Amino acid sequence: MVLGCRYTLPPIDMAALATLYGDVSGETTRDMCVRVLYSRTRHTGTPVDTVHRTTCVEMEDGRPTPVTVIGMEADTEYQLSHEYVRVVRPQPADEGYQFTLTTGPHYIEPSPSAASVLGVQGGERLTYTTRKIPKAVTKVLAKVEVDTSVSETNVQASASEPYLMWCGITQGTGKMATSFATDLNGNVVFYHPYYKGAFLFSTEPGSMITRPAGRGNWFIGASGGSSLNPDLTDAVQSQVFAEIDPEGVPLWSLTLWELNDKLLEAGHNNLIAEVLGHHDSVRLANGDTILFGGYNTVDKSKAEYIEYYSMWNYLSLMGVADHPVPLDYVKNTPTQHYDMMLQVSGTDHSIKQVWKASEHIAMTYEEQDAYSFNVVAIDLPGMSGDPIYYGDVSGDRTHMNSIFYDPSDGDILVSVRSQDRVYKLNWSGDDTLPWGDPVYNLRDFALFDEDYTPITTYDDNLSLFSHQHCAEMYAVEGHPELKVITLFDNSNKVAYLQRPDEEHHSNALAVLVNEEKREMVLLFRKALLQYAFAVGTSQALANGNFHYHVGVQENKRGKDSLFNTSSQVYELSPEGDFIYSIKAEAAVYRAWRLTDLYAAVDYKEVDFQTLPIPQEWM
C-alpha cells in the first residue's frame, strides 16, 4: 500500500445489520455502507485524538468488504476502527435536490458508535504502523517547506482542508517528480503509485494526475510506456486517459486510438492528436466524464496521424525540437490546431458528446492578436531558452486548460489560455442557443469595484488576466444568479508585452459575477510573489478563503523552465491578504487543497460571508 493499509471486514449478513436502523423498507442492501476511522497514537506536535474517516464503501451480502485507508504518515502508529452507516438517497424529483459531483453517498446517517453487529464490536480498535517511504520513491518526492515570511494576518489556515495534493511534473533538480499529498506542515501522507515519471511530453514514460474524481479516485493522463499502457510504439500515440483508485488500479481507461476508433464509429473525421488528460477532466452529475483532446482541422487518415504525431513531431510543434514542423501547422495555411472535449459515458465509456473549438469559439488571427499572444520560453537540454512565439508556428488556437461543471444549470466553465478568455458553455442543451456555444465570455462583463464604481484600468478587461489557468466557479447562498469565479492569472501578456523590463509576477484573481446582468465585482487581484509563465491552480475553500498555486516559475538562471524550478502555494483571505504559504521544489501542474484524500474539489456552495453584493443587484 501507498502510505496506508487495506482494512477488510468479514462477510456480513446485510438483513441483520439493517435491523439496527429500524424500518428500512423499500431500501436495498446497497444502502448499508461502512467506513474506517483512524487516528495516530504517536506523533510530535499532532493531537492524538485527531480522527480521520475514509470514504463510505458499499457492502455486498455475504462477501468480505475491503476499505482502502490512505492519508497516513510514514513510520507512524495508528489506531483503526469502523462504523456502519445508512445512506439516504433522495429521488431527483425531490424539491431542492442537487446532484452531487462525486459517486459517493448523498447523505449519511452515522450508526450507533459501539453497536455489536454479528460479533464485530463497533468500538473495537486495531493497531497498525505504516512503513517507511522507499528510497526509490524518496528520490522523486519534492522537498516541501512552509514559508512563514508572507503572512499578512494572524488568521490560521483553513482547517477544513488540511491536505495538499501536489500533482507533480519535474523536481527542482530536473528529474521526474511524482504526485503526492502532504499536510499543511509539509509531512507526506500519500504518494502516487506511478512514481517512475510524471511528465507526459517526455522521452521518459510518465503519468500525471490532475483532478480528484471523488471516493479517493483520480483522473490521470499517461504517455506510452507507463504502467498504465506499457506500449511504447510512440509516446504520443500510446497516450492513455484513466480513472484510478487510491491504490493506482485503473477503474477504466481509454488509449488515444481507442478514443479515435470511437470517433470514427460515430462519424467524426477530426481524429485526436493527443489525449490532453493532463490539462483537466471533470465528472458530471450523471456519472459521465468530460476530457480534453487536441485535433487538427484537416481530416487525416489513421496512417497520416501516426506519421504526423510522433513524439518529435509534437515537440516540433512547440518549437523545441530540431525537426521540421508539419507544413499544415504553419501560420496562414488552411489548418490549425484546436481542442476538443469528449463526454464519455460513465457506464459503457462510449462517446456521448463531441465538442470542437473550431465550431464554437474560433477566432481569426487578427482577433486573437488583438486579445492575446502565444509566447513561451523553452529551456530543454540543448535548447537556447529564448522566447518562442508558438502561436505563430504551431497554430495552437485554444490551449484549453480547465473545465468546471456548474451543477445548478448543467453548463461548464472553460479556460481558453491562447485566447485569454474564460467561457461558460451551453452544455445542458438549453434551446435558447446552440448546444456548445458560449453562454457568455467573461471578458464581456462590465467590471466594478466594491462601491459599484466602474473599473477601467484594465484596457477593457484585456489585462485583467492573460494566459490564465484553472477557472473555477462557486454558488452564492440565496442568490442563484450570482457566482464567485476564481482563476490563476499567469499574466504573460503584462510580463512579455506590456512591461517586459520590470520584475514579473502572476496574480490571484477572484470576481463576483451576476450572470443575469452580465456584470462582475472585483473581489481582489492579488500580486503573488512569483511569476509563472505556465500552469497554476485556483480554488475557493469551505470557510470563504481562497487557495492559489503558482505553477512553473522562472528558474534560478532567470529562465522560464519546466526544470530547475519550484511551485508556491498561498491561502488568501476574502479580502486577498496572505494567510499561509508553502513551497515545493518541483514544477507542479495542479496543487489542490482537500478536506481528505477521498474528496473532490468541487464545492457547490461556499461560505462567502463578506461578499460585497452591490445594492444595485438586490
Side-chain angles (χ1 to χ4, degrees), residues 98-102 161 210-214 279-285 289-290 292 341 355 361 400-417 420-428 430 436-445 447 461 464-465 468-489 507-525 536-549 572 574 590 592-593 599-608 611-613 617:
Q98 294 281 342
F99 286 106
T100 62
L101 295 180
T102 70
E161 297 88 0
T210 53
R211 185 182 290 268
H279 274 182
D280 205 357
S281 312
V282 70
R283 173 67 40 77
L284 303 183
T289 300
I290 300 177
F292 284 132
M341 286 189 289
W355 182 94
I361 59 170
M400 299 168 69
N401 56 35
S402 72
I403 322 172
F404 193 90
Y405 172 65
D406 183 353
S408 68
D409 56 21
D411 292 335
I412 60 174
L413 191 76
V414 295
S415 167
V416 186
R417 174 173 163 89
D420 294 348
R421 290 183 173 185
V422 173
Y423 293 99
K424 192 171 190 181
L425 302 178
N426 174 28
W427 206 265
S428 61
D430 182 350
D437 273 9
V439 177
Y440 58 74
N441 169 11
L442 190 62
R443 288 202 176 281
D444 295 335
F445 280 37
L447 181 65
N461 295 346
L464 183 63
F465 56 87
Q468 73 289 334
H469 278 77
C470 199
E472 309 276 295
M473 172 178 281
Y474 304 92
V476 177
E477 183 179 4
H479 298 276
E481 77 284 6
L482 303 185
K483 301 290 170 60
V484 170
I485 293 179
T486 65
L487 61 84
F488 178 76
D489 168 32
N507 300 289
L509 183 70
V511 291
L512 173 65
V513 303
N514 187 319
E515 294 187 315
E516 293 180 357
K517 291 182 175 291
R518 296 295 193 265
E519 296 178 346
M520 59 182 172
V521 170
L522 181 62
L523 299 179
F524 57 78
R525 184 175 183 266
T537 310
S538 80
Q539 183 184 352
L541 304 180
N543 67 351
N545 290 346
F546 297 87
H547 161 82
Y548 294 87
H549 144 245
L572 274 61
R590 291 282 193 265
W592 299 109
R593 285 283 294 272
V601 295
D602 309 282
Y603 287 109
K604 294 185 293 295
E605 196 168 272
V606 178
D607 185 17
F608 298 113
L611 287 177
I613 301 176
W617 289 2

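For clarity, every value in this text was computed on a predicted model and none was experimentally measured.
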If you measure from [atom1] on [X] to [atom2] on [Y], what distance do you get to the nearest 0.5 Å?
X: Phe608; Y: Phe546; atom1: CZ; atom2: CZ; value: 4.5 Å
X: His549; Y: Ser538; atom1: NE2; atom2: OG; value: 11.5 Å
X: Ile485; Y: Leu509; atom1: CD1; atom2: CG; value: 9.5 Å
X: Asn545; Y: Gln539; atom1: CG; atom2: CD; value: 11.5 Å
X: Asp280; Y: Phe404; atom1: CG; atom2: CZ; value: 10.0 Å
X: Thr537; Y: Arg590; atom1: OG1; atom2: CZ; value: 5.5 Å

Check side chain to side chain donor-acceptor pair (under 3.5 Å) between [X] and all other residues, then give those that pass, not counting sequence neighbours.
X: Trp592; value: none
X: Asp489; value: Asn507, Arg525
X: Ser415; value: Asn401, Gln468
X: Tyr423; value: Gln419, Arg421

Heavy-atom pair of closest approach, residues [X] and [Y]:
X: Gly410; Y: Trp427; answer: O-CB, 3.5 Å
X: Thr486; Y: Tyr474; answer: OG1-CE1, 3.9 Å
X: Ala471; Y: Ser402; answer: N-OG, 3.1 Å
X: Val606; Y: Gly544; answer: CG1-N, 3.9 Å

Could you pull out all residues at least two apart from [X] that satisfy side-chain contact (heavy atoms from CB on, under 4.5 Å)?
X: Asp607; result: Gln609
X: Pro612; result: Glu450, Val521, Leu523
X: Glu477; result: Glu605

### Query
Aromatic rings Phe445 and Tyr440: how do their planes relate, parallel, tilted or perpendicular, breaks at 30° and 60°?
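Taking Tyr440 first and then Phe445, their aromatic rings sit tilted (interplane angle of 30° to 60°).
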
### Task
With side-chain hydrogen bond (donor to acceptor under 3.5 Å, both in side chains) as the test, would you mind laying out the steps for Thr289 and Arg283 before giving the verdict?
CA-CA 5 Å; Thr289 300; Arg283 173 67 40 77; 3.2 Å; yes

[X] side chain near [Y] side chain, heavy-atom distance below 4.5 Å:
X: Arg417; Y: His469; answer: yes
X: Glu481; Y: Val476; answer: no
X: Ile403; Y: Leu413; answer: no
X: Val513; Y: Leu482; answer: no

### salt_bridge(Glu472, Arg593) N-O dist < 4.0 Å
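No.
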
### Trace of the ring pair (Phe, Tyr, Trp, His ring centres under 6.0 Å) decision for Phe488 with Phe465
CA-CA 8 Å; Phe488 178 76; Phe465 56 87; over 10 Å; no

### Task
Before giving the answer on side-chain hydrogen bond (donor to acceptor under 3.5 Å, both in side chains), spell out for Ser408 and Asp406 the whole-Å C-alpha distance, their side-chain angles and the decisive distance to 0.1 Å.
CA-CA 6 Å; Ser408 68; Asp406 183 353; 2.6 Å; yes

Holding to salt bridge (charged side-chain N to carboxylate O under 4.0 Å, His left out), I want the full list of residues that pass it with [X], two or more places apart in sequence or in another chain.
X: Glu519; result: none
X: Asp409; result: Lys424
X: Asp411; result: none

